[in-house]
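Side chains are part of it too, since the values below use all heavy atoms of this structure and drop only hydrogens, waters and symmetry mates. Predicted model only: the values in this text are computed from it and were never measured.
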Amino acid sequence: MEHFYTLRLNKGKRWMVVILLALFTALILWFERDGAFSVFSAEEEPTALTKGNKDEANIALTFNISWGEEKVFDILKRLKQENVQATFFVSGEWAERHPEIVEKITDGEHELGMLGYRYKSYLEQETDQVKKDLLHAKEVFGKLGYKDINLVRPPSGQFNEEIITLAENLGLHVIHWNVNPNDWKNPGTDAITDFVMKETSNGDIILMHASDSIKQTNEALKTILPGLKNKGFQFVTISELINQAHAKSELVE
């Protein structure tokens with residue numbers, strides 16, 4: 001049986017309740033007008049995470065892998081030596097060929113994200129093709145035992161609002177970056193190191209690579225990892241960056 005209760009108030013108290021409700025409504029409208037917060041706002045625009053909270057000294061180190069099977073081991077060893085957790089974005093096609101390396105990544109307590117299935121720009125494909133690629137990637141990772149992957153970095157970092165919306169509808173968070181030393185170009189160990197040390201600030205997401213074409217990244221990490229720690233930064237995974245109480249998402253155009 002359902003029970004309903006009524007609250008009996010005298011005339012004076014009733015007027016006080018009315019006044020308080022009116023004040024509360026006015027306060028809500030004022031905040032919404034000034035953009036302080038929105039209680040009854042429309043659905044937010046689809047966003048890609050490119051930076052965490054600028055007020056927190058947490059940063060996320062990320063690696064992309066779409067081919068190769070050698071350089072990643074040196075990087076994993078370096079991360080273990082420095083006790084640093086990173087987030088690895090790998091293509092489903094690569095994971096299918098190297099399940100033992102994927103297992104080694106997760107055994108090292110690093111986070112796993114995906115680059116879709118086949119490493120091909122999503123902007124060069126129709127929406128239906130992109131959807132098939134993402135679904136196939138999710139299926140592949142699921143068969144490998146990683147059913148809970150919810151982070152995706154579009155190949156080559158190329159995407160638009162439509163792709164972000166599609167990913168979100170599939171339960172995926174689109175992850176970008178805002179510190180990119182272009183280590184895949186092998187510009188020199190010092191160039192990679194100097195760029196990361198100079199450009200990194202609170203909440204940043206650093207993009208690096210662990211494919212076999214990368215010849216200087218591991219050596220650069222030898223200086224970068226302790227160097228950033230000495231500057232007061234703490235390495236966290238992308239999920240930790242997202243889950244921070246004050247983390248913010250920025251739309252990448």
Which is it for Leu241 and Asn58 under the side chain to side chain contact (heavy atoms under 4.5 Å, CB included) test, yes or no, and what are the steps along the way? CA-CA 7 Å; Leu241 208 63; Asn58 295 320; 4.3 Å; yes

With sequence neighbours excluded, residues passing side-chain contact (heavy atoms from CB on, under 4.5 Å) with Glu96: Tyr117, Val140

When you compare the side chains of Ser201 and Asp204, does any donor N or O come within less than 3.5 Å of an acceptor on the partner? yes

Is Met197 close to Leu228 at the side-chain level, that is, under 4.5 Å between some pair of heavy atoms? yes

Applying the 4.5 Å side-chain criterion to the ILVMFWY set and letting contacts propagate, would Trp184 and Leu207 be lumped into a single cluster? no

Show your reasoning for whether side chain to side chain contact (heavy atoms under 4.5 Å, CB included) applies to Ile149 and Lys138. CA-CA 8 Å; Ile149 292 183; Lys138 291 185 70 172; over 6 Å; no

Test item: Ser211 side-chain N/O and Ser213 main-chain N/O as donor-acceptor pair under 3.5 Å: no

Assess the pair Phe159 and His176: is the distance between their ring centroids shorter than 6.0 Å? yes

Using side-chain heavy atoms (C-beta onward) and a distance below 4.5 Å, is Trp177 in contact with Thr50? no

Taking side chain as C-beta onward, heavy atoms only, is Ile75 less than 4.5 Å from Ile214? no

Is the number of heavy atoms from other residues, nucleotides or ligands within 6.0 Å of CD (Glu126) greater than 12? no

Tell me the closest heavy-atom pair linking Lys131 and Leu166, and the distance in Å. N-CD2, 3.7 Å

Could you check whether any side-chain N or O of His110 sits under 3.5 Å from a backbone N or O of Thr87, counting only pairs where one atom can act as donor and the other as acceptor? no

Side chains of Thr237 and Gln85: do they bring a donor and an acceptor to under 3.5 Å? no

Ile101 and Val72: side chain to side chain contact (heavy atoms under 4.5 Å, CB included), yes or no, with the steps? CA-CA 8 Å; Ile101 304 180; Val72 62; 3.7 Å; yes

Hydrophobic side-chain clustering at under 4.5 Å (ILVMFWY, transitive links): who's grouped with Trp67? Put none if nobody. none

Do you know which two heavy atoms are closest between Val152 and Ala167, and how far apart they sit? CG1-CB, 4.3 Å

With a 4.5 Å limit on heavy-atom distance, are the side chains of Arg78 and Asn218 in contact? yes

More than 12 heavy atoms from other groups under 6.0 Å of CD on Glu199: yes

Exercise: do Thr217 and Asp183 side chains pair donor with acceptor under 3.5 Å: yes

Could you grab the distance from atom CD of Glu161 to atom OG1 of Thr47, nearest 0.5 Å is fine? 10.0 Å

Side chains of Met208 and Asn180 in contact at under 4.5 Å (non-hydrogen atoms): no

If we only count heavy atoms from C-beta on, is the Asp148 to Phe141 side-chain gap below 4.5 Å? no

In this structure, are over 12 heavy atoms from other groups packed under 6.0 Å from Lys231 atom NZ? yes

Shared ILVMFWY cluster between Leu172 and Leu123, side chains joined below 4.5 angstrom? yes

Salt bridge or not for Lys143 and Glu139, using N-O below 4.0 Å? yes

Hey, are the side chains of Ile205 and Val179 touching, using non-hydrogen atoms and a 4.5 Å cut-off? no

Can you find a heavy atom in the side chain of Pro226 that is under 4.5 Å from one in the side chain of Glu82? yes

Would one find more than 12 heavy atoms of other residues, nucleotides or ligands at under 6.0 Å from atom NZ of Lys77? no

Using distance alone, with no hydrogens and no angle criterion, decide if Asp133 and Tyr122 have a side-chain donor and acceptor under 3.5 Å apart. yes

Trace of the side chain to side chain donor-acceptor pair (under 3.5 Å) decision for Thr165 with Glu168: CA-CA 5 Å; Thr165 300; Glu168 289 182 350; 5.3 Å; no

Report the C-alpha separation of Ile192 and Asn182 in whole Å, then their side-chain angles, then the decisive distance to 0.1 Å, and conclude whether the side chain to side chain contact (heavy atoms under 4.5 Å, CB included) test is met. CA-CA 8 Å; Ile192 296 171; Asn182 288 308; over 6 Å; no

